[in-house]
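One structure below.
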Number of protein chains: 2
Amino acid sequence: MRISAKADYAVRASVELAAATDSSPVSAEALASAQDVPHRFLEAILRDLRREGIVASRRGAGGGYVLARAADAVTVADVVRAVDGPLVYVRDQRPSDLDYSGSAASLLHVWVALRANVRAVLEQVTLADLAGGSVPDEVRALVSDDEAWENP
Amino acid sequence: MRISAKADYAVRASVELAAATDSSPVSAEALASAQDVPHRFLEAILRDLRREGIVASRRGAGGGYVLARAADAVTVADVVRAVDGPLVYVRDQRPSDLDYSGSAASLLHVWVALRANVRAVLEQVTLADLAGGSVPDEVRALVSDDEAWENP
DNA sequence: TAGTATCCGACTAAAACGATAGGGTATGTT
DNA sequence: AACATACCCTATCGTTTTAGTCGGATACTA
């Protein structure tokens, strides 16, 4: 269960855009240096985000990227899905497409519950939350538990 | 965020062992055909599980594998970690090792909350639960929501 | 028309993934 | 003792994914 560099970079760039309040486009170069991400790689990621309707772009001098929607209408899940596809899948299949037989039948429920709990976090946090330096109460509750910070 | 074939197979084989009540070893071959998994591949996985103390093995005729601990003392998280390492990591680092600066600082909290919610499922379900065809109430509550079964 | 910055497709090195192969070693049965 | 069973270990292998890079085309501004 890993979050790819691509997803991490995509969210960071999107948050940076959400934080740029003055509605003028931000260049890929500026985003790359602000978040310390390889510029050419970020360009490719931003193209994905544009194709998925997360950001809009303007070419030419003074061009760059802006969010295509309001920052509070874009969740982390939206951004991750745009670059990496489905949030959770098992052996390249969606949980609901799996077919378990025998004593492992209930395992399907585990994967579905897992996905539900992943969604509960990533679909709750918006770019506006992150740009504002805060997270929803439900998420804060999760991280306020000391156990959440331990590496078992 | 994918669950690898290895992790899926490992859990299924472990559940099969938990369901084999008569404490005599089950061969890799028998587990492989019961769960429809490549036999040689499963053997490699079982070796990982043994090294991590999840299963015990006996060699020779009539040999095979048994759970090394009671089925209600082994969680799905234990099995997944044994074959795939840490449950959640971002760009090959544990969330707590990440270093975010600028407007994406709160993103760290999102990844930590994500991991906490993943744990809340996988550390709660034991092999005994699955072998018994049921899951803990907290997990059942998650899957009873119709939304949990939809592919967005 | 010069400069800026996005857009596009191809490309690459390295790692991960999903296995498979060949032989060695311990254990039980006859 | 011979034999069959079944785990054990190392190595290999083809494909896909990951994380980037490169060269140039296209669009927009001043």
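Chain letters run A, B, ... following the sequence lines, proteins first, then strands; residues in each count from 1. The analysis underlying the following values was restricted to heavy atoms, covering all of them including side chains, and did not include hydrogens, waters or symmetry mates.
Scanning both residues, A:Ala10 and A:Ile45, for their nearest heavy atoms gives CB-CG2, 3.7 Å. Nearest heavy-atom pair across B:Gln35 and B:Glu16 is NE2-OE1, 2.7 Å. Of all the heavy atoms in A:Ala19 and B:Ser103, the pair that sits closest is CB-CB, 3.9 Å. Closest heavy-atom contact between B:Asp8 and B:Arg12: OD2-NH1, 2.8 Å.
The phosphate of D:dC9 has OP1 or OP2 within less than 4.0 Å of a side-chain N or O from B:Arg50. Remark: A:Tyr65 is in phosphate contact with C:dC7, judged by side-chain N or O atoms under 4.0 Å from OP1 or OP2. At least one side-chain nitrogen or oxygen of A:Ser57 sits closer than 4.0 Å to the OP1 or OP2 atom of C:dC7. A close approach under 4.0 Å does not occur between any side-chain nitrogen or oxygen of B:Tyr9 and OP1 or OP2 of C:dG18.
In this structure, B:Asp48 places its CG atom 11 Å from P of D:dC9, rounding to the nearest Å. Going from atom CG of A:Leu42 over to atom P of D:dA19 covers 14 Å, rounded to whole Å. Rounded to whole Å, atom P of D:dA19 lies 13 Å from atom CZ of A:Arg12. Between the CZ atom of A:Phe41 and the P atom of C:dT12 there is a distance of 18 Å, given to the nearest Å. Rounded to an integer number of Å, the gap from NE2 of B:His39 to P of C:dT20 is 11 Å. Between the CD atom of A:Gln93 and the P atom of C:dG18 there is a distance of 12 Å, rounded to whole Å. Computed from coordinates, the A:Leu31 CG to C:dA5 C1' distance equals 12 Å when rounded to whole Å. Counting to the nearest Å, the P atom of C:dT20 and the CD1 atom of B:Ile45 are 11 Å from each other.
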Toss me the dot-bracket line for DNA chain D: Watson-Crick and G-U wobble, both under 3.5 Å, 5' to 3', using | for pairs to another strand and [ ] for crossers.
-> ||||||||||||||||||||||||||||||

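Counting only heavy atoms from C-beta outward, the side chains of B:Arg140 and B:Ser134 approach each other to under 4.5 Å. Taking the side chain as every heavy atom from C-beta outward, A:Tyr65 and A:Val26 never approach each other to under 4.5 Å. The closest side-chain heavy-atom distance from A:Val121 to B:Val118 is not below 4.5 Å. The closest side-chain heavy-atom distance from A:Leu122 to A:Thr75 is not below 4.5 Å.
Side chain to side chain, A:Asp129 and B:Ser106 fail the donor-acceptor criterion of an N or O pair below 3.5 Å. At a cut-off of 3.5 Å, with distance as the only test, no side-chain donor of B:Asp72 or B:Thr126 sits close to an acceptor on the other residue.
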Any chance you could lay out the side-chain contact (heavy atoms from CB on, under 4.5 Å) test for B:Arg119 and B:Leu114, step after step, and finish with the verdict?
-> CA-CA 9 Å; B:Arg119 286 179 179 166; B:Leu114 174 69; over 6 Å; no

Could you pull out the protein-nucleic contacts involving nucleotides 27-30 of chain C (nitrogen or oxygen on both sides, under 3.5 Å)?
| residue | atom | partner | partner atom | Å |
| --- | --- | --- | --- | --- |
| C:dT27 | O2 | B:Ala61 | N | 3.4 |

For nucleotides 22-24 of chain D, tabulate all protein N/O to nucleotide N/O atom pairs closer than 3.5 Å, reporting atom names and distance.
| residue | atom | partner | partner atom | Å |
| --- | --- | --- | --- | --- |
| D:dG23 | N7 | A:Arg40 | NH2 | 2.7 |
| D:dG23 | O6 | A:Arg40 | NH2 | 3.2 |

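Residue B:Ala28 is in sugar-phosphate contact alone, with no base atom involved, counting any heavy-atom pair closer than 4.0 Å across all strands shown. As judged by a 4.0 angstrom heavy-atom cut-off over every strand, B:Arg2 is placed among residues touching the sugar-phosphate backbone only.
Hydrophobic clustering (ILVMFWY, side-chain heavy atoms < 4.5 Å, transitive): A:Leu17 and A:Val66 are in distinct clusters.
For B:Leu46 and A:Pro38, each mapped to the nucleotide of DNA chain D holding its nearest heavy atom, the one lying further toward the 5' end belongs to B:Leu46.
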